[in-house]
Structure formats: structure tokens, C-alpha cells
Amino acid sequence: MLAQSIRASCQTLARVARQQPSLVARRTFIVPTAVRQADLVQDLYLRELKNYKVPQVKASDAEGHVQKFTLPKAPPSPEESDLANDLNAYETQQVELEGAVSSESGAAPVEEDWFEEEEEAAAAH
């Protein structure tokens, strides 16, 4: 009985081995669904790209988006007489020095002593 089952399994294996290449070599015209859908989408996309017409650009299209260019006014030129008067006024002007005693106030400014000695500060607390 064991011999018959071994013979039967050998025959089955041989039959399967002979049929296996024929199944693989068999070609079909049916393409898997995902590939067909990708091709369909690609074909639609390419067809729409080919049919697209670029709208014509007109000169009046930019009117609402761009401001009209106007030249700025030319700067006024300085007059020579004003420059001479300003230069004379500058040369005759009194020089003001910071910290210098002015003769108009008459009295010498009082200097305040802001320095506090440690002994006075300790007694105050």
C-alpha cells in the first residue's frame, strides 16, 4: 500500500511539473484593473493637455492691477543768494559750549555735591 501511494504521488508530481510551465507561459489579453485605470487617467490627462488653449493676453488686462507711471517732480534748485546769506549767518553765529559759564546769566552756577560719604549714609539709615 505504501508503494502504491508513493507511485501515485510521484505520478502526480510529474504531472504538475509538466503543467506548471504551460500555466506560466500562457498569455492573456486582460490587463489588471489598476493598470487599466492608470492608463485611463493618463489618457484623459494627456487629452485635456492637448485640447487646452491659452487665452490671449490683451494690453487692457493689466489696467486694474498696475498703477500708471508718472515722473516725480524735479527737486527745486537752491538759489545762490540764499546760500551766501546762510553762510554769513553761520559765520557770525555765537559758538555755544556745553558747561561753559555764559556772561548773560551773571551769576555763577551752584555746584551740588552728589557724593555721599559712607559714614553719613550709615548714620542716615
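All values below come from the heavy atoms of this structure, side chains included, with hydrogens, waters and symmetry mates left out. Values in this document were obtained by computation on a predicted structure and should not be read as measured data.
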Got more than 12 heavy atoms from elsewhere within 6.0 Å of CD, E91? yes

Working for side chain to side chain contact (heavy atoms under 4.5 Å, CB included), residues Y45 and Q42: CA-CA 5 Å; Y45 180 72; Q42 183 179 10; 5.6 Å; no

What's the separation between atom NZ in K58 and atom CD in E63, rounded to the nearest 0.5 Å? 11.5 Å

Could you check whether any side-chain N or O of D61 sits under 3.5 Å from a backbone N or O of V57, counting only pairs where one atom can act as donor and the other as acceptor? no

Can you tell me how far apart CG (L49) and CG (L44) are? Round to the nearest 0.5 Å. 11.0 Å

Separation of D43 CG from R47 CZ (nearest 0.5 Å): 8.5 Å

